[in-house]
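One structure below.
When a ligand or atom number is given, it counts from 1 through the structure's own listing order.
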Amino acid sequence: MTPPPTGSTSRIGRSLPVTVRAAAKINLHLGVGAPREDGFHPLTTVYQAIGLCDDVTATRHGDADSDSGSDSGGGLRVVVGGSDWIDLDAVPTDERNLAHAAAIALGRLHGRELEGRLDIEKAIPVAGGLAGGSADAAAALVALDRAFDLDTSDDDLLRIAAELGSDVPFALIGGTALGTGRGELVESVADVGTWWWVLVPDRAGLSTPEVYRHFDKLFPDAPAQPPEADLLLGALRTGQAVSLARTLHNDLQEAAIDLRPELGGLISRGESEGALRGLVSGSGPTCVFLCESADHARDLAGALIRSGHDNVLVANGAVAGAHLVKDHA
Ligand code: ATP
């Protein structure tokens with residue numbers, strides 16, 4: 001893996017807040033096979049990290065005490081904030097929060113409880129098929145590792161990430177990567193392009209397990225081996241958006257559209273407004289549209305807003321995995 005840049009400055013005796021940024025992912029290729037014996041679906045997927053990011057700030061006890069007396073009671077407190085169009089009420093603050101779970105898993109590895117506070121500033125829509133919770137878990141791992149001077153190895157970080165969720169290892173490494181297994185086995189792939197995307201999130205999230213269950217119902221004879229991503233990997237090496245558009249693939253799209261028929265209309269609309277290709281992102285409901293350039297993406301976003309979609313975003317990829325943006329020391 002490319003190691004998350006945690007920096008090298010000594011923090012001994014100065015345990016101040018650390019902020020780490022992690023990106024949303026989209027699946028350029030999502031090939032899904034029949035469920036394995038353990039219930040997980042085998043995947044062949046190509047992830048891309050895009051410039052829509054959550055920030056996670058880890059503060060060790062002692063620093064948190066000086067900011068707010070309410071943090072001095074031990075344990076870990078999770079505080080979630082973010083853009084007003086994000087459904088923050090749907091984000092748990094207890095151990096069900098993937099960032100909180102990351103803190104428990106990292107503490108267990110080092111045989112100690114990580115006491116302090118995690119502030120999650122969300123820009124990634126919740127339950128949007130963009131792996132926002134996984135991004136927060138990856139960011140929390142890197143931020144806590146530095147705030148608590150744990151010096152965790154990359155291998156251990158990747159192992160804990162895979163235990164936390166299938167998309168978390170990718171959120172650590174970022175860029176563009178091939179994911180196999182249930183998505184947790186990741187390796188960076190050659191990608192020479194700068195790709196421009198228009199994103200249309202939905203205010204109401206879609207449950208990933210529900211979409212997989214619907215996939216199983218629609219495709220009871222899915223092959224054990226998921227479809228390979230060779231054509232898409234070739235298109236990434238050309239850097240040509242038109243080539244990439246032809247090879248985008250999502251096996252979950254039909255299930256997501258069956259559960260949310262309006263997504264089909266949205267994809268047609270985006271393509272008729274000039275997108276090279278529209279696609280459901282992962283398990284949805286966010287739809288993504290590939291464009292030729294930044295200008296093209298801005299034009300398409302304007303057209304979609306004029307057609308009645310009030311929340312339309314532009315982002316490019318690939319961007320870095322979880323990385324330090326502020327060390328308050
Ligand atoms: P998945 O990663 O399961 O495919 P997703 O990418 O569609 O999901 P997420 O934003 O990761 O969507 O949220 C899925 C669910 O995870 C949410 O409904 C929420 O209950 C829970 N969750 C746990 N931690 C977080 C977090 N830090 N941010 C957002 N949701 C979280």
Side-chain angles (χ1 to χ4, degrees), residues 20-27 30 32 39-41 43 45 47-50 52-58 76-83 85-106 117-144 161-172 179 182-184 186 199-215 250-253 255-256 259-260 263 279-288 313 315 322:
V20 169
R21 180 163 296 165
K25 63 81 188 160
I26 55 180
N27 301 83
L30 181 52
V32 182
F40 285 105
H41 291 77
L43 303 183
T45 188
Y47 296 106
Q48 183 163 93
I50 58 166
L52 173 66
C53 300
D54 286 356
D55 281 355
V56 175
T57 300
L76 186 80
R77 183 170 170 221
V78 174
V79 179
V80 182
S83 314
W85 51 268
I86 288 183
D87 185 7
L88 296 176
D89 292 341
V91 182
T93 55
D94 56 16
E95 294 80 0
R96 290 169 302 159
N97 190 300
L98 274 181
H100 197 302
I104 293 171
L106 190 63
R117 172 174 165 143
L118 284 175
D119 287 276
I120 304 176
E121 188 66 18
K122 290 201 73 74
I124 306 174
V126 179
L130 298 168
S134 302
D136 297 347
L141 286 176
V142 177
L144 289 162
E163 286 165 13
L164 289 166
S166 302
D167 295 338
V168 184
F170 174 70
L172 278 176
R182 55 181 163 82
E184 87 284 17
V186 284
L199 281 76
V200 185
D202 198 314
R203 275 175 205 283
L206 200 47
S207 150
T208 303
E210 188 186 349
V211 177
Y212 273 102
R213 276 195 298 274
H214 202 58
F215 170 86
N250 182 358
D251 277 342
L252 291 182
Q253 176 155 311
L259 292 169
R260 264 313 150 75
L263 300 182
L279 193 78
V280 170
S281 173
S283 56
T286 304
C287 288
V288 298
L313 309 168

Give yes if a backbone or side-chain nitrogen or oxygen of [X] is under 3.5 Å from a nitrogen or oxygen of ligand 1, and no if not.
| X | value |
| --- | --- |
| L206 | no |
| A127 | yes |
| S283 | no |

For ligand 1, which atoms have a heavy atom of [X] less than 4.0 angstrom away?
| X | value |
| --- | --- |
| G128 | 7 (O), 12 (O) |
| G129 | 5 (P), 6 (O), 7 (O) |
| V91 | 26 (C), 28 (N), 29 (C) |

Just going by heavy-atom distances, which of [options] is nearest to [atom]?
| atom | options | result |
| --- | --- | --- |
| atom 30 (N) of ligand 1 | T286, V126, V78 | V126 |
| atom 26 (C) of ligand 1 | I86, D136, T208, L118 | D136 |
| atom 11 (O) of ligand 1 | A102, G133, G82 | G133 |

Side chain to side chain, [X] and [Y], heavy atoms closer than 4.5 Å:
| X | Y | result |
| --- | --- | --- |
| L199 | L130 | yes |
| V32 | L43 | yes |
| D87 | R203 | no |

[X] contact mode with ligand 1 (heavy-atom cut-off under 4.0 Å):
| X | value |
| --- | --- |
| A90 | backbone |
| L130 | backbone |
| R96 | backbone |

>> Under 4.0 Å from atom 19 (C) of ligand 1, can you find at least one protein heavy atom?
In response: yes

>> Could you check whether atom 16 (O) of ligand 1 has a protein contact, counting only heavy atoms that fall below 4.0 angstrom?
In response: no

> Where do C53 and A123 come nearest, in terms of heavy atoms and distance?
Replying inline: O-CB, 3.2 Å

>> If I compare all heavy atoms of V168 with all of A161, which pair ends up nearest, and what's the gap?
In response: CB-O, 3.3 Å

> So which protein heavy atom does atom 28 (N) of ligand 1 come closest to, and at what separation?
Replying inline: K122 NZ, 3.1 Å

>> With side chain to side chain contact (heavy atoms under 4.5 Å, CB included) as the criterion, how do T286 and D202 come out once you've worked through the C-alpha distance, each side chain's angles and the decisive distance to 0.1 Å?
In response: CA-CA 6 Å; T286 304; D202 198 314; over 6 Å; no

> Is G282 near ligand 1, meaning one of its heavy atoms is under 4.0 Å from it?
Replying inline: no

> Should P125 be listed as contacting ligand 1, given a heavy-atom distance under 4.0 Å as the test?
Replying inline: yes

>> In terms of relative ring orientation, are F215 and H41 parallel, tilted or perpendicular, with 30° and 60° separating the classes?
In response: perpendicular

